[in-house]
Visitor: 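Please find one structure pasted underneath; my questions will follow.
Numbered from 1 within each chain, the chains take letters A, B, ... in sequence-line order. Small disclaimer: the values here were computed from a predicted structure and weren't measured.
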Protein chains: 2
Amino acid sequence: MDTKEKILAAALKLYNSKGINTTTRHIAASMSISAGNLHYHYKHTDDIIRTLYEKLEAEFDGLMGNVQEEGEMSLATLNRSFGQSFQVLYKYRFIFLHFVEIGTRVPDIRNAYHQLVKRREAEFKALFYQLAAAGVFRKDIPDEIWSALVTQIFIVNDYWLSMNEMTDRLKGKEAAAAYQQLVNALLYPYLAKP
Amino acid sequence: MDTKEKILAAALKLYNSKGINTTTRHIAASMSISAGNLHYHYKHTDDIIRTLYEKLEAEFDGLMGNVQEEGEMSLATLNRSFGQSFQVLYKYRFIFLHFVEIGTRVPDIRNAYHQLVKRREAEFKALFYQLAAAGVFRKDIPDEIWSALVTQIFIVNDYWLSMNEMTDRLKGKEAAAAYQQLVNALLYPYLAKP
DNA sequence: TTGAATTTAGAACAAATGTACTAAATTTCA
DNA sequence: TGAAATTTAGTACATTTGTTCTAAATTCAA
C-alpha cells in the first residue's frame, strides 16, 4: 500500500548515497516499481524533494518543541539539543550537501528555509542572553557579536557535512562526534568560567 | 586569439550567474563560437572546471605568499587578508556554491582541496599561537579549541556564500562587508582585551 | 459479485547534452 | 608564396531524462 511513503524512503536513501542527480528511473528501479508508477504518485521529481524538505523541517520543529518544554536551559541541554539536531541533519544530508542547487531548483524550499533561519535567529539570541544572565556566558559581549555567533552556528550546522564530504569523510558516529566537538568549541570562548 | 582564456572567462561568468548546470553549448553561444570549437580547446566540460579551480588555488596561494612576506602579524593584517581572500572566493563563487557536486564530479578537485585544507590548518594554528604569544589573543585557550577555531574559519570562509545565497542574497560590496563582520566576530571572544 | 476507482507497467516522446567527426577557413613559417 | 598546422563551424549521434499516455491489473464498495 503506501507506495508514496516508500518512494520517499527510497528517494532519501538514493539521494543521500548517490547525490542530487539521481533520476526518477533510478529511484523507481531501486524499489522495483515502474517509473510510470512513481510519476503517478509524484508528478514532478521536485515534488519528492519538496516533500522530503518538509519532513526535515517538521522533524526540526519537533526537536525545538522538546527543548522549549524542558524548562530551564543549561549548557548541557543546549549541547544535547545540538546532538539531536545533528541526527536530523545527517538523516537528510543530501539536502545540505546540495543546498544551493536545491534552493535554486525549488524556490519554495529556499523561501521556507529563509523564514526558518529568521525565526531561529531570534530564538537563539534570546537563549544566549538568558544564559549570560544566568552567569553561564560572559556578560561583556556586545550585541553584534551575539548576532554573529548565531549566524556562525547556523553555517557550521548546515555546512559541516559539506566540509566533511570534501575532506575527512567521516561517517555515522565519528561524524557526529566531530560535529559535536566543533559546536562545543564554538561556545567555549563565551563561557564565563572556562 | 587566446580562445582558451576567453572560454575560461565566459565559463566563469556563466557558472557564477547560472550555476553549475550551464552547458558547453551555452558557454560557446555566450561568446559566439561553436560548441565544436569549444571542445577542440577543452575536450571535456570538466576540464574547464578543473582549470578554473586551479586558477582559484593559484590566486589563494598568491595571497598567502603576500601575507607571509609582510613580516610581523597583527590583527589588522589578519583582517585585511580575510578581506582579500573574500574577493577571490567571490570571483570563483560558483565553485563554493556547488562544492560537493563539483568535488564528486571531479575527484581531482576534491583531493586538491583536501590537501589545501590540511596545509592551511597548520599555518593558521601557528599564526594563532603567535598572536597569543604577542598578547593579542588570550593565553588560556586549550589546543583543541584553537584547532576547532581553524575549522570554523574554513567553514565560514567556504560556505558563507552558500548561506547568503539561501537567505539574504547580498551582492558585491554588501556581501563583502557582511562576510568581513562575521569573520571579525569569530575572533572577538579570543581577544586578550576586547 | 460486479462495476467503479485506483494503481501499476511499459512504451513512447521530446528536449537536452556531451562529444566526435568532417570539411572549410585561417594562421604560421620556411 | 605555398604547404603544413591550427582553428573553426556545423552536423550528427548516442545517451539520458522528465514526463505523458494507454491499457492492463488490482483494490474497493455497494
Visitor: Produce a footprint string for nucleotides 19-26 of chain D: one letter per nucleotide, 5' end first; B if the base is under 4.0 Å from any protein heavy atom, S if only the sugar-phosphate is, - if neither.
Guide: BB------
Visitor: Measure CD1/B:I33 against C1'/D:dT6 and give the value in whole Å, please.
Guide: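 Going from B:I33 (CD1) to D:dT6 (C1'), I get 14 Å.
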Visitor: Between B:W160 and B:F96, is the ring centre distance below 6.0 Å?
Guide: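 No, the ring centres sit 6.0 Å or more apart.
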Visitor: What integer distance in Å separates B:I27:CD1 from C:dA16:P?
Guide: 17 Å
Visitor: To the nearest Å, give me how far apart CG (A:L38) and P (D:dT17) are.
Guide: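 My rounded result for the distance is 14 Å.
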Visitor: Between B:I48 (CD1) and C:dT17 (P), how many Å, whole number?
Guide: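 Atom-to-atom, B:I48 to C:dT17, this comes out as 14 Å.
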Visitor: Hey, is the main chain of B:Y53 close enough, under 3.5 Å, to the side chain of B:Y92 for a donor-acceptor pair?
Guide: no
Visitor: Under 4.0 Å between a side-chain N or O of A:N37 and OP1 or OP2 of C:dA9?
Guide: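 Checking A:N37 against C:dA9: at least one side-chain N or O falls below 4.0 Å of OP1 or OP2.
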Visitor: Heavy-atom count check: over 12 atoms from other residues, nucleotides or ligands less than 6.0 Å from B:K173 NZ?
Guide: no
Visitor: Taking only N and O in the side chain of A:H41, is any of them less than 4.0 Å away from OP1 or OP2 of C:dT8?
Guide: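 So the side chain of A:H41 is within the cut-off, an N or O lying under 4.0 Å from OP1 or OP2 of C:dT8.
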Visitor: Are A:Y179 and A:F82, when compared by the centres of their aromatic rings, separated by less than 6.0 Å?
Guide: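 So the answer is no for these two rings.
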Visitor: Counting the benzene-type ring for Trp, do B:W146 and B:F124 have ring centres under 6.0 Å apart?
Guide: no
Visitor: Over how many whole Å does the gap from A:K4 atom NZ to C:dT6 atom C1' extend?
Guide: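 Result: 13 Å.
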Visitor: Using atom CG of A:D2 as one end and atom C1' of C:dT8 as the other, report the distance to the nearest whole Å.
Guide: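 Answer to the nearest Å: 16 Å.
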Visitor: Does atom NZ (A:K43) have a neighbourhood of more than 12 heavy atoms from anything else shown, all under 6.0 Å?
Guide: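 It does not: A:K43 NZ has 12 such atoms or fewer within range.
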